Amino acid sequence: MKNTKKLVLSALFLAIGLILPFITMQIPAVGKMLCPMHIPVLLCGFITGWPYGLIVGFITPLLRSVLFGMPMMVPNAVCMAFELAAYGFVAGILSKKMRKDMKSLYIALVAAMLVGRVVWGLVSAIVYTLMGAGFTWKLFFMGGFVNAIPGILIQLILIPLLVNRLYAAGVAGAASEGER
């Protein structure tokens, strides 16, 4: 029963990750900066745990690329798959080990975002090198941090509030407590 609930929630987060970019891209200049696939993957990690967060994070950009052609499979979707898998993995691991308060949520969220961006940078460097293109420190900081500032801010505001409400509603609390 518990695994069925996690599977259904994971499917919901995957669906949101596939659809949310269509909504945010109604204003392309803003939509690209909001990192719309990141939000459902982070929520999935926090709510369902690391295995589901990792899987949903990995397949969301790849599936979106296959179904809709966006993001472009190589290099974008491949690099994002590893980044989002890291988000879901770290958020899930830390949320299981930490208390369910706002301070712990922020610590886990920031850690997941940092690890995910570092993973994205490493995978990007490998993929771009294999493609015969360069991946510089400037590209890493611009792509991973500077251009993502609006998305980072929205994630820092929205995710802890949503996760805290879902914990309070018992959506994640029962599943998390049962694993301990």
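We number each residue from 1, following the sequence as shown. These figures come from a predicted structure and were not determined experimentally.
- When all heavy atoms are compared, the tightest approach of Gln155 to Ile39 is CG-CG1, 4.0 Å.
- The shortest heavy-atom contact between Val90 and Ala111 is CG1-C, 4.0 Å.
- At least one side-chain heavy atom of Leu156 sits under 4.5 Å from a side-chain heavy atom of Leu109.
- For the pair Leu62 and Ala81, the tightest heavy-atom approach, listed with the atom from each and the gap, is CG-CB, 3.8 Å.
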Worked verdict on Glu83 versus His38 for side-chain contact (heavy atoms from CB on, under 4.5 Å): CA-CA 9 Å; Glu83 172 191 11; His38 297 59; 3.1 Å; yes

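- In this structure, Asn76 contributes its side chain and Pro71 its backbone to no donor-acceptor pair below 3.5 Å.
- Nearest heavy atoms, Pro75 versus Met131: CB-SD, 4.0 Å.
- Residues Ile157 and Ile154 fall within the same hydrophobic cluster, defined by Ile, Leu, Val, Met, Phe, Trp and Tyr side chains chained together at heavy-atom separations under 4.5 Å.
- Proximity of the aromatic rings of Tyr128 and Trp120 is defined here by a centroid distance below 6.0 angstrom, and this criterion is not met.
- Nearest heavy atoms, Ala148 versus Gly143: CB-O, 4.4 Å.
- In this structure, Phe145 and Phe141 have tilted ring planes: the angle between them lies in the 30° to 60° band.
- Two rings, from Phe13 and Tyr52, have their centers 6.0 Å or more apart.
- Here the closest heavy-atom approach between residue Pro21 and residue Met37 is recorded as CG-CG, 3.8 Å.
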Steps toward side-chain contact (heavy atoms from CB on, under 4.5 Å) verdict (Met80, Thr60): CA-CA 9 Å; Met80 283 181 71; Thr60 299; over 6 Å; no

Intermediate values then yes/no, side-chain contact (heavy atoms from CB on, under 4.5 Å), Leu12 and Ile16: CA-CA 6 Å; Leu12 174 67; Ile16 293 169; 4.0 Å; yes

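- Of the charged side-chain nitrogens involved, at least one lies within less than 4.0 Å of a carboxylate oxygen, so that Arg99 and Asp101 count as a salt-bridged pair.
- Phe68 and Ile59 fall within a single hydrophobic cluster, where Ile, Leu, Val, Met, Phe, Trp and Tyr are joined by side-chain heavy atoms under 4.5 Å apart, directly or via other members.
- The number of heavy atoms from other shown groups lying within 6.0 Å of CZ (Phe135) is above 12.
- Atom CD1 of residue Ile23 and atom CG of residue Leu34 lie 11.5 Å apart, to the nearest 0.5 angstrom.
- No donor-acceptor pair closer than 3.5 Å links the side chain of Lys100 to the backbone N or O of Ala168.
- Linking Ile, Leu, Val, Met, Phe, Trp and Tyr whenever their side-chain heavy atoms come within less than 4.5 Å puts Leu9 and Leu158 in one cluster.
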Residues Leu84, Val56; criterion side-chain contact (heavy atoms from CB on, under 4.5 Å); working and verdict: CA-CA 8 Å; Leu84 296 181; Val56 168; over 6 Å; no

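- Cluster membership for Leu14 and Phe22, using ILVMFWY side-chain heavy atoms within less than 4.5 angstrom, is shared.
- Hydrophobic cluster membership differs between Met70 and Val41, with clusters built from Ile, Leu, Val, Met, Phe, Trp and Tyr side chains linked at under 4.5 angstrom.
- Ile159 CD1 to Leu42 CG: the interatomic distance, rounded to the nearest 0.5 Å, is 4.0 Å.
- Atoms OG and CD1, on Ser95 and Ile47 in that order, are 7.5 Å from each other to the nearest 0.5 Å.
- Note that OG1 of Thr24 is 11.5 Å distant from CD1 of Ile19, once rounded to the nearest 0.5 Å.
- When atom types are taken as modelled, the side chain of Thr129 and the backbone of Ala125 share a donor-acceptor pair closer than 3.5 angstrom.
- The main-chain N or O of Gly45 is never found under 3.5 Å from a side-chain atom of Thr48 such that the two would form a donor-acceptor pair.
- The SG atom of Cys35 lies 11.0 Å from the CD1 atom of Ile149; values are rounded to the nearest 0.5 Å.
- Between atom CG of residue Leu20 and atom CZ of residue Arg64 there is a gap of 9.0 Å, rounded to the nearest 0.5 Å.
- Within a 6.0 Å radius of CD1 in Ile27, other residues, nucleotides and ligands contribute 12 heavy atoms or fewer.
- The distance between the ring centers of Tyr167 and Phe46 does not fall below 6.0 angstrom.
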